[in-house]
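Before any comments, here is the structure.
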Amino acid sequence: QDNGYVRLLRRQVEEVFRDNRLIAVCQYNSMPGEDMVMMRHYLRKHNIEVKFVLNEIVRPVLSQSKYKNLLPLFVARNILLVSQETKVKEMLRVLKGVPQINLLGACIDDTILSRRGVENFAKLPSLEAAQGQAVGALALLPSQTSSLLQRGSAHLTALLDQHIRRLRDGETGSPAEPGPAQSSGAQ
């Protein structure tokens, strides 16, 4: 039977998974206390918190949730790195300097990723940069369409001007000069 303390801890784990966009599951190996304090400090600068969890508490919560695919990661001693923002680059930068903490996988915006998936996610451009690229690409299309539509009428105008010139030159008997369409070749 669950006692009140176990229920409280499980409720806290549910809140962690519900309230955070970044939940990284890491294997925790023993490390000096001052190293842990420094790591927590650097992570906290980026609004990333360290949560120590017991597998006996986490596993029942995950088995009843949409995060049950994370269960295989909770075998040894684990910690969770959680944030309400997706500060993946910053988290990986801090973890690179802490060999005792091994990233196993993560849940980012309700998407479960392996370690490699997290590393690939960190390489993606920011949302603002991606939106800027999309807006730039979308703005380019109308201008290209406009120039394509104008090209046909400009070509037709040049051909008609050349034809009129030929007709005029034919009336006066002087040889026709090559027009823009003749000198540039067929388009």
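Worth saying up front: this structure is predicted, and the values here are computed from it rather than measured.
- Between Pro60 and Arg10, some side-chain heavy-atom pair lies under the 4.5 Å cut-off.
- Ile57 and Val53 fall within the same hydrophobic cluster, where Ile, Leu, Val, Met, Phe, Trp and Tyr residues are linked whenever their side-chain heavy atoms come under 4.5 Å apart, directly or through other members.
- Applying the side-chain hydrogen bond (donor to acceptor under 3.5 Å, both in side chains) rule to pairs touching residues 35-55 yields Asn47-Glu85, sequence neighbours excluded.
- In this structure, Leu160 shares a hydrophobic cluster with Leu156, the cluster being traced through Ile, Leu, Val, Met, Phe, Trp and Tyr side chains under 4.5 angstrom apart.
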Full working for side chain to side chain contact (heavy atoms under 4.5 Å, CB included) between Leu43 and Val50 = CA-CA 8 Å; Leu43 289 170; Val50 177; 3.7 Å; yes
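- Contacts of Arg59 classified as side chain to side chain donor-acceptor pair (under 3.5 Å), with partners at least two apart in sequence or in another chain: none.
- The ring pair (Phe, Tyr, Trp, His ring centres under 6.0 Å) pairs that include a residue from residues 84-118 number zero, where partners must be two or more places apart or lie in different chains.
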message = Pair Lys123, Glu119 - check salt bridge (charged side-chain N to carboxylate O under 4.0 Å, His left out), show working.
response = CA-CA 7 Å; Lys123 294 175 186 173; Glu119 291 167 350; over 6 Å; no
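- The minimum heavy-atom distance between Val61 and Glu14, with the atom names listed, is CG1-CG, 3.6 Å.
- For Arg11 and Glu15, the salt-bridge test fails: no basic side-chain N is under 4.0 Å from an acidic carboxylate O.
- The shortest non-hydrogen separation linking Thr86 to Leu22 is CA-CB, 4.4 Å.
- Hydrophobic clustering keeps Ile48 apart from Val25 (ILVMFWY residues linked when any side-chain heavy atoms are closer than 4.5 Å, directly or through intermediates).
- Connection of Ile112 to Leu73 is established within a shared hydrophobic cluster, with ILVMFWY side chains joined at heavy-atom distances below 4.5 Å, either directly or through further cluster members.
- Annotation: Phe52, atom CZ; neighbour count of heavy atoms from other residues, nucleotides and ligands within 6.0 Å is above 12.
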request  = Using the side chain to side chain contact (heavy atoms under 4.5 Å, CB included) rule, take Asn78 and Cys26 through it: C-alpha gap first, then chi angles, then the decisive distance, then the call.
outcome  = CA-CA 6 Å; Asn78 297 94; Cys26 300; over 6 Å; no
Would you tabulate the side-chain donor-acceptor contacts of residues 89-105 under 3.5 Å, counting partners in other chains and residues two or more places apart, or write 'none'?
none

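- Two different hydrophobic clusters hold Leu113 and Val58 under the rule that ILVMFWY side chains link at heavy-atom gaps under 4.5 Å.
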key: Stepwise side chain to side chain contact (heavy atoms under 4.5 Å, CB included) check, Leu8 with Val6   = CA-CA 5 Å; Leu8 173 68; Val6 170; over 6 Å; no
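- Heavy-atom minimum distance, Ala24 versus Ala106: CA-CB, 3.8 Å.
- Residues Leu70 and Phe17 are in side-chain contact: their nearest non-hydrogen atoms beyond the backbone lie under 4.5 Å apart.
- Of all non-hydrogen atoms in Ile23 and Asn20, the two that sit nearest each other are CD1-O, 3.8 Å.
- Applying the side-chain hydrogen bond (donor to acceptor under 3.5 Å, both in side chains) test to pairs two or more places apart or on separate chains, those with a residue in residues 60-74 are Lys66-Asp110, Tyr67-Asp110.
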request  = Might you work through the side chain to side chain contact (heavy atoms under 4.5 Å, CB included) test for Met36 and Met31, ending with a clear yes or no?
outcome  = CA-CA 7 Å; Met36 176 56 81; Met31 59 191 288; 3.9 Å; yes
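- Under the 4.5 Å side-chain heavy-atom criterion for grouping Ile, Leu, Val, Met, Phe, Trp and Tyr, Val75 is not connected to Val13 through any hydrophobic cluster.
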